[in-house]
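Just so it is clear, the model here is predicted, and its values are computed rather than measured. What's counted below: heavy atoms across the whole structure, side chains too, no hydrogens, waters or symmetry copies.
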Amino acid sequence: MSKKKENSDIPARMEGEREDVQERQTITKDYYSSRPKTFDTMLGGYTQVHDPDIQESSQLIQALMKQFSGKLGSSYCLELGCGIGRVTKSLLSRYFDHIDINDLLEEYCQQTRALFEENDEKDKIGQAFVGSIGNLQLESFPKYDVIWAQWVLGYLNGDDLVQLLRKLKSTLKKNGLIVIKDNCVANGHEPEFDPDDQYYVRTGEQFYDIAHRAGLTVIKDQRSKLKQIVRELLPIRIFVLAVK
């Protein structure tokens, strides 16, 4: 699939990209609605990366807690693109007292909440924001210690992602962080686009540019080791953003 080089973010039109935002959201929603609500769907068929993914992310959170030595709180987390609660239950619930969740599909949010109700932890999940991350409506006051976005921000184009990050920035507590774990094309390669679910795969440079435009700074840039487990995976990077 040929891709054009762009100056700051994704080019004006990627191959297979629908022009209308609502149409892109519908394609994404239909893509996941038509598939089983399982880890296999969440991980694109590579369920073997679940445990190492959680372990890698857990080590990252522990390192951040140690690095900020009491300055990074553990009261509230917001998870964008929670899916069926894979990361919510296996990772975030271990480190945060309360988790607000978001997903495009209401049934995903319901399934995530049900995971905690089964174990009498219903207070763990707070608000559920159903809908596209591009339409996320949040109150602009400092609430979240960490905002976790894994394999979800590619559903927005560059300008819309900048607007989302600006919105998220206003909800961070002092010393709060945004963690992005996402596919990222290898250095020197062109950005990609998956027409099946309308997902942008950016370069590292694009992530840095978007963060800068949103008034955030990248304080950590870590290359995931998951590709060493499944060679077919795209390169994955973890960016930790803080308010400038």
Side-chain angles (χ1 to χ4, degrees), residues 1-35 37 41-45 78-84 101-109 128-138 147-171 178 180-216 218 232-237 239 241:
M1 188 184 298
S2 63
K3 303 290 188 301
K4 295 180 181 179
K5 186 76 174 176
E6 60 186 308
N7 293 327
S8 60
D9 187 48
I10 305 298
R13 187 74 62 245
M14 301 287 283
E15 185 175 333
E17 176 193 0
R18 301 303 175 93
E19 181 176 1
D20 183 71
V21 174
Q22 289 299 126
E23 187 178 3
R24 292 204 304 271
Q25 289 179 15
T26 298
I27 292 173
T28 302
K29 191 171 185 177
D30 290 346
Y31 177 88
Y32 285 101
S33 296
S34 64
R35 284 162 171 75
K37 299 174 181 61
T41 297
M42 298 298 100
L43 293 168
L78 169 65
E79 182 185 11
L80 303 182
C82 66
I84 61 172
I101 56 175
N102 151 264
D103 202 273
L104 183 62
L105 274 66
E106 184 174 7
E107 54 264 42
Y108 278 3
C109 289
F129 301 99
V130 178
S132 166
I133 52 175
N135 300 326
L136 199 59
Q137 297 296 318
L138 300 171
I147 297 173
W148 191 272
Q150 181 165 346
W151 288 320
V152 66
L153 299 186
Y155 291 118
L156 296 184
N157 65 29
D159 290 340
D160 289 343
L161 181 50
V162 169
Q163 292 302 315
L164 171 64
L165 290 175
R166 287 174 178 166
K167 186 186 301 182
L168 295 176
K169 185 174 65 172
S170 68
T171 70
I178 298 174
I180 300 170
K181 188 170 187 177
D182 216 324
N183 296 334
C184 185
V185 296
N187 289 337
H189 288 240
E190 299 289 335
E192 299 182 11
F193 184 78
D194 187 341
D196 290 340
D197 64 346
Q198 298 288 296
Y199 200 87
Y200 301 99
V201 182
R202 298 182 162 89
T203 67
E205 290 80 3
Q206 287 169 338
F207 275 111
Y208 273 82
D209 177 67
I210 287 169
H212 174 73
R213 289 163 58 194
L216 296 160
V218 179
E232 291 81 7
L233 290 176
L234 286 165
I236 298 163
R237 279 165 75 172
F239 301 95
L241 312 183

**Study point:** Glu232 CD: over 12 foreign heavy atoms closer than 6.0 Å
**Key:** yes

Exercise for review: Nearest 0.5 Å please: distance from the CG atom of Asn102 over to the OG atom of Ser132.
Suggested key: 8.0 Å

Point to revise | Side chains of Leu104 and Val152 in contact at under 4.5 Å (non-hydrogen atoms) | key: no

Review point. So Leu161 and Arg202, side chain to side chain contact (heavy atoms under 4.5 Å, CB included) or not? Walk me through it.
Key: CA-CA 12 Å; Leu161 181 50; Arg202 298 182 162 89; 3.7 Å; yes

Point to revise | Flag side-chain contact, heavy atom, 4.5 Å: Thr26 against Arg18 | key: no

Check your understanding: Which heavy-atom pair separates Asp182 from Gly154 by the least distance, and what is that distance?
Key -> OD2-N, 3.9 Å

Review point. For the residue pair Phe129 and Gln137, what are the closest heavy atoms and their distance?
Key: CE2-O, 3.6 Å

Exercise for review: Identify the two heavy atoms, one from Ser170 and one from Lys167, that lie closest to each other, and give their separation to 0.1 Å.
Suggested key: OG-O, 2.8 Å

Check your understanding: Yes or no on side chain to side chain contact (heavy atoms under 4.5 Å, CB included) for Tyr32 and Glu107, after CA distance, side-chain angles and deciding distance?
Key -> CA-CA 11 Å; Tyr32 285 101; Glu107 54 264 42; over 6 Å; no

Point to revise | Test side chain to side chain contact (heavy atoms under 4.5 Å, CB included) applied to Leu168 and Leu136, step by step | key: CA-CA 9 Å; Leu168 295 176; Leu136 199 59; 4.2 Å; yes

Practice item. Would you mind reporting whether Tyr155 and Thr28 have side-chain heavy atoms less than 4.5 Å apart? Key: yes

Practice item. Report the C-alpha separation of Leu241 and Ile147 in whole Å, then their side-chain angles, then the decisive distance to 0.1 Å, and conclude whether the side chain to side chain contact (heavy atoms under 4.5 Å, CB included) test is met. Key: CA-CA 10 Å; Leu241 312 183; Ile147 297 173; over 6 Å; no

Revision key, fill the gap. When rounded to the nearest 0.5 Å, the distance separating CG of Leu153 from CG of Asp160 is 12.0 Å

Review point. Between atom SG of Cys109 and atom CD of Glu79, what is the distance when rounded to the nearest 0.5 Å?
Key: 9.5 Å

Exercise for review: Taking the side chain as every heavy atom from C-beta outward, state whether Glu17 and Tyr200 have any atom pair closer than 4.5 Å.
Suggested key: yes

Point to revise | CG-CD distance between Asn187 and Glu205, expressed to the nearest 0.5 angstrom | key: 6.0 Å

Exercise for review: Side-chain contact test, heavy atoms from C-beta onward, threshold under 4.5 Å: evaluate it for Asp194 versus Val201 and give yes or no.
Suggested key: no

**Study point:** Straight-line distance of Lys29 NZ to Asp103 CG, nearest 0.5 Å
**Key:** 10.0 Å

Exercise for review: State, to 0.1 Å, how close Gly204 and Cys184 come at their nearest heavy-atom pair, and which atoms those are.
Suggested key: N-SG, 3.3 Å

Revision key, fill the gap. In short, Ile84 meets Lys37 closest at the heavy-atom pair CD1-O, 3.7 Å

**Study point:** Donor-acceptor contact below 3.5 Å, side chain Asn183 vs main chain Ile236
**Key:** no

Check your understanding: Could you give the distance from CZ (Phe207) to CG (Leu216), rounded to the nearest 0.5 Å?
Key -> 13.5 Å

Exercise for review: Mark yes or no for whether Arg24, through its side chain, and Leu156, through its backbone, hold a donor-acceptor pair below 3.5 Å.
Suggested key: no

Review point. Does the side chain of Gln198 reach to within under 4.5 Å of the side chain of Phe193, using non-hydrogen atoms?
Key: yes

Study note, to complete from the structure: Of all heavy-atom pairs linking Val185 and Glu192, the shortest is CG1-CG, 3.9 Å

Check your understanding: Quick one: does Gln25's side chain have a donor or acceptor within less than 3.5 Å of a partner on Asp20's backbone?
Key -> no

